[in-house]
Amino acid sequence: MLSVDKGVHVTVNGLGERCGNAPLASVQVILKDQFHAKTNINEDKLNDVSRLVESYSGIAIAPNQPIVGENVFTQVAGVHADGDSKDNLYSNELVPERFGRKREYALGKNSGKANILKNLEELGLDLTPEQTQKVTKRITELGDKKAIVTQEDLPYIVSDVLKHTAPEDKVRLVSYMVTTSYGLKPIASIKVNINGKEYSSESTGDGQYDAFVKALRHIYKEELGRTFPLLQNYTVSIPPGGRTDALVQTIITWNHNDRIIRTRGLDADQTEAAIKATFKMLNIFEDEHKK
């Protein structure tokens, strides 16, 4: 709305008494790009202003809000990341740097190799084509469980994929179920395949993972007549940010006949991450047992 003194009435994030008035960021872009008008607005501060108002008001900015929305400058399809690598094939005047932001490349089940490479480049990670293919496959798998895999998750994924790559076909998890109820101990029921033969067991424990391991120990002791490695240390870490949907990295230290090894698992679920680390360990020792 144009006032008598030729000023434009706007809002920040669409908030205030005059709800419905256009947001400052959108108006600035239209004035400059469509009408070639000059203002005294510092465009590179628009995002900071919106985030400040968001913080004080407690009202979140929609992810698709023009200019300031979290996802506005996020590329999902790999073809767009590939175009950015080819002399900015899809470039236009609405570049993120103009507004104090930067382009991001989403990671998930729809990610292409170009998206992965862009994020690896941003983190200074240089992988071989074969390693990149493995990381891409892992991100696609995680994307089926977790809508968005963030750049902060990527080093964890790379570490998980490239370390402890022992074959996982001698000891495989066929199926499992863990239950927990208030006032009752968790129960785990598992079925595993060891060297082509299936074994089943169930147990209770002080936690879901404890119940799972006790069921595994029962199979190794009663069915195979073998000792199960001792768990010496168990650490859990997540990327910074405090997100409840963050990927969980579990690193477990094992002791078997005075030999110490560490295996790690990565998943959106903490119990699942610990189980993956456990089966990596079992396959390492199974290879040595066969030798």
message = Between Gln270 and Thr250, is there a side-chain donor-acceptor contact under 3.5 Å, judged purely by atom types and distance?
response = no
query = Looking just at side-chain N and O atoms, do Tyr176 and Glu272 make a donor-acceptor pair shorter than 3.5 Å?
reply = yes
inquiry  = With rounding to the nearest 0.5 angstrom, report the CG to CD distance, Asp210 to Gln208.
reply    = 11.0 Å
request  = May I ask you to decide if Asn13's main-chain N or O and Thr11's side chain share a donor-acceptor pair within less than 3.5 Å?
outcome  = no
query = Picking from Thr263, Val171, Thr278, what satisfies side-chain contact (heavy atoms from CB on, under 4.5 Å) with Asn283?
reply = Val171
ask   = Linking I/L/V/M/F/W/Y whenever their side-chain heavy atoms sit closer than 4.5 Å, directly or via other members, would Phe279 and Val174 fall into one cluster?
value = no
request  = State plainly whether one hydrophobic cluster holds both Leu266 and Ile251, where clusters connect Ile, Leu, Val, Met, Phe, Trp and Tyr through side-chain heavy atoms under 4.5 angstrom apart.
outcome  = no
message = Any side-chain to backbone donor/acceptor pair from Arg101 onto Ile67? Under 3.5 Å, distance only.
response = yes
query = Does one hydrophobic cluster hold both Leu231 and Val248, with members joined at side-chain heavy-atom distances below 4.5 Å?
reply = yes
query = Is Ser181 reaching over with its side chain to a backbone N or O of Leu184, donor-acceptor style, under 3.5 angstrom?
reply = no
key: Expected output: side-chain Glu286 to main-chain Lys170 donor-acceptor under 3.5 Å   = no
query = Any donor-acceptor pair under 3.5 Å linking the side chain of Asn193 with the backbone of Gly196?
reply = yes
request  = Would you confirm whether Gln131, through its side chain, and Thr128, through its main-chain N or O, come within 3.5 Å as a donor-acceptor pair?
outcome  = yes
inquiry  = So does Asp44 get a backbone contact from the side chain of Asn42, meaning a donor-acceptor N/O pair under 3.5 Å?
reply    = no
